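What follows is a short report on a single structure.
The chain is numbered in sequence order, starting from 1. These figures come from a predicted structure and were not determined experimentally.
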Amino acid sequence: MQDEFAAEPREGEAGAAITSFLGAISTRSVARSGKSNAGFVTGFEGLNFYQQRYSNKGNQFSVEPPDQALCVGNGFELEAVNDVLNVFDTNGASALPDNTATNVVSGFPRNVNHAVDLNTFFGYAAAINRTTGARGQEVTDPSCLFDAQTQRFFVVVLTLEVVPTTGAFTLVNHLDLAVSKTADPTGGWNIYRTDVTNDGTNTGGQNPGPYLGDYPHIGADANGFYITTNAYPWNTNGFAGAQIYAFSKAQLAAGVPNVSMVHLDTSGRVNAPSEAGATQPGFTVWPAQSAGTGSGGDDDAAENGGTEFFLSSNAADEAQRPVSGTAGTRMSSQIVVWALKNTASLDTPTPNLSLDATLVDAETYAAPPKQRQPGSGSAPGQDAPQGFCINNTTTPTIAGVGCWRLLFAAEPAHTEVISSPDSNDTRMQQVMLANGRLFGALDTAVNPGGSAQRAGIAWFVVKANKARLENQGYLGTAGFDLTYPAIGVTSNGRGVMAFTASGDSLNPSAAFAPIDKKGVGTWDVVPGGTGAAPEDGFTSYRAQVGGNPPRTRWGDYGAAAVDGNSVWVASEYVASSCTYTDWGGPFFLGGTGDNLLGTCGGAAHGPGKRAALGNWSTRISQFNVKGDD
């Protein structure tokens, strides 16, 4: 299975096991306005593990987590994950050309619902050529935005250059930005590349470059398009600060070959003590997207020559201990409001931007515990066929007795258990600007009603220009874990917060709750979004990835997008179940089915419900949001 997994660059807190908060954070009730009505309209399964693995004729790696991007406009919904992309119409049908006939894997056409791999989309060689073994660039962390003002789609990824013969990282990495040439994302795109290898802060020589521009995320105001990253030294521990890249939006939309760009380093801008001295670097400084008719069209954002707002948190090691890379408190009672001013100057020959950071007091948030799902800690049953297979020593297979032989050359330990998926850390997630308010949320430990600690959500409503917290609260429920929030808010100030929900009796599911300035309403699983089986991906098992326990990758982020009075949301979940017998198919003696292991695709050779090494999927849902602010 060595050719199933791409190499992973070293990361900071997001790439390491997190110790959850040892204290207690009790949730409180929030008065509701009674006007925030989020009515479900439609929903459908988006991209999934099978499509990710078998697009581009199977010249792909098995990848977890998916990391969702979602943007909506002009009658299209564009979704991207690690490492495929699709465009849907409003009925949930793919609007891309049908590529089934040419997508031949192991002798049969494979229906991936027209999905296109990100390497092809950005003009690179395949992630891995399964005939020659040659490696292409590693493309990761997709984000996207539809800008109503310019009628353009924007898709951003981080691309890491590799040695084609080995897949080893060269350490060169760049942000790739694709901008649609029209409002039709099925047409042509202009692609811009920004090298970020040497962008970071060298703190007294202790965080020397080159750097990895990790975790890119995007936003826009009336004047600019913004990408932020977290810079990590490739060759040492530590953190080199969040970076901001500001582009002229008008120039991007016009497709000019050389676009004005300003790079800002957030290090040293937050007046709060850290290991590096009297200031903290910004960490996951998430740019705001606007609910206005033009992204960033909010009146508050028009002041100061145009302003783009950002939110971030400061509980993470990267903010508190940026030099050594050792653990900080992993808790905080502050968030950070950022204002990038004079963005109109991005359209001038000499852009002149200023960046302010304001610490805002908030209720305590802290690193969450891992999610639980039915059976966590117990031996996998046949509804988790990969885990069951690793433990199995009796099933007759084409490779010999014991299912494990289908996955490994050397016999592994047969001690795998149903995992506890990752619950993220304390970084800020998607940020929206509507009616002068910033809406943001992050993952936190909670003790719902004083019960046992679970993973929950802390949400914030901030008056943007005043950098003043207007409302805040927690969302958590005894017996459940709520993770990876993403908020979409319309121009009327009403919205939806999407997230993954799992629990003692709930498999990983796509869930939501209404949100407005008065608070968050009752949560529920979206129609059609109930998890059908436990997480059964390769990162769940020690035999595949090591660790005790392994870090089961889930999410990293979900997504929300606003289109008029509609909020579209996307969350990770497990869409389908698959029996052990169907997973093994003809690879078990006397079995029948697909000639690709683990797809549960049947004798018709798919489309499969999953692939051998994973079963994640994504759910896309539309809500009509009514009421006035």
Side-chain angles (χ1 to χ4, degrees), residues 42-44 46-47 66-90 92 94-96 115-116 118 121-122 141-157 175-192 216-221 224-228 247 249 252-253 286-297 429-434 486-491 495-496 498 556-572 618-623 625:
T42 189
F44 53 91
L47 292 160
D67 295 354
Q68 286 174 273
L70 180 70
C71 44
V72 180
N74 192 34
F76 296 102
E77 300 87 52
L78 187 155
E79 184 190 23
V81 300
N82 289 327
D83 280 320
V84 283
L85 175 149
N86 212 334
V87 178
F88 304 97
D89 64 23
T90 53
S94 177
L96 295 179
V116 175
L118 291 182
F121 180 79
F122 280 97
D141 289 356
S143 294
C144 74
L145 179 153
F146 176 74
D147 183 72
Q149 183 182 26
T150 60
Q151 292 288 293
R152 295 290 185 271
F153 286 84
F154 296 78
V155 180
V156 172
V157 296
L175 300 174
D176 291 353
L177 165 58
V179 184
S180 64
K181 294 181 179 180
T182 68
D184 183 352
T186 67
W189 295 75
N190 294 312
I191 296 177
Y192 300 88
H217 286 288
I218 61 179
D221 69 356
F225 179 83
Y226 309 94
I227 309 175
T228 61
F247 300 82
K249 189 172 69 174
L252 289 172
W286 201 300
Q289 298 181 14
S290 173
T293 54
S295 295
Q429 297 291 279
Q430 183 169 330
V431 177
M432 287 291 300
L433 174 67
I487 297 175
V489 182
T490 68
S491 58
V496 174
D556 276 4
Y557 49 91
V562 173
D563 183 28
N565 287 327
S566 288
V567 176
W568 292 79
V569 298
S571 297
E572 186 178 358
T618 64
R619 190 76 186 175
I620 298 174
S621 303
Q622 179 190 10
F623 293 85
V625 181

Side-chain atoms of residues 179-187: list all donor-acceptor pairs with protein atoms under 3.5 Å, sequence neighbours left out, distances to 0.1 Å.
from, atom 1, to, atom 2, distance (Å)
S180, OG, F153, N, 2.8
S180, OG, T182, O, 2.6
T182, OG1, D184, N, 3.1
D184, OD1, T186, N, 2.9
D184, OD1, T186, OG1, 2.6
D184, OD2, T186, OG1, 3.2

Practice task
Kindly indicate, with the supporting measurements, whether the criterion side-chain contact (heavy atoms from CB on, under 4.5 Å) is fulfilled by L433 and V431.
Solution key: CA-CA 7 Å; L433 174 67; V431 177; over 6 Å; no
Do you know the tightest heavy-atom contact between [X] and [Y]?
X: Q289; Y: I218; result: NE2-O, 3.4 Å
X: L70; Y: E79; result: CD1-CB, 4.4 Å
X: Y226; Y: A220; result: CD1-CA, 3.9 Å
X: L47; Y: T618; result: O-OG1, 2.8 Å
X: Q430; Y: I487; result: NE2-O, 3.5 Å
X: E572; Y: Q68; result: N-OE1, 3.0 Å

Handout entry: Atom pair OG1 (T150) and NZ (K249), whose distance is rounded to the nearest 0.5 Å
Key = 5.5 Å
Completion exercise
CG of L78 to CG of L85, rounded to nearest 0.5 Å, is 4.5 Å
In residues 557-568, what donor-acceptor pairs under 3.5 Å come from side-chain atoms, sequence neighbours left out?
from, atom 1, to, atom 2, distance (Å)
Y557, OH, P142, O, 2.7
S566, OG, Q622, NE2, 2.9

How would you list, by chain and number, every residue that makes a ring pair (Phe, Tyr, Trp, His ring centres under 6.0 Å) with [X], sequence neighbours excluded?
X: F154; value: F225
X: F88; value: F44
X: F76; value: none

Problem - Partner set under side chain to side chain donor-acceptor pair (under 3.5 Å) for S621, not counting sequence neighbours - result: none
Exercise for the section: Determine yes or no for a side-chain-to-main-chain donor-acceptor pair under 3.5 angstrom, with N82 supplying the side chain and D141 the backbone. Expected result: yes
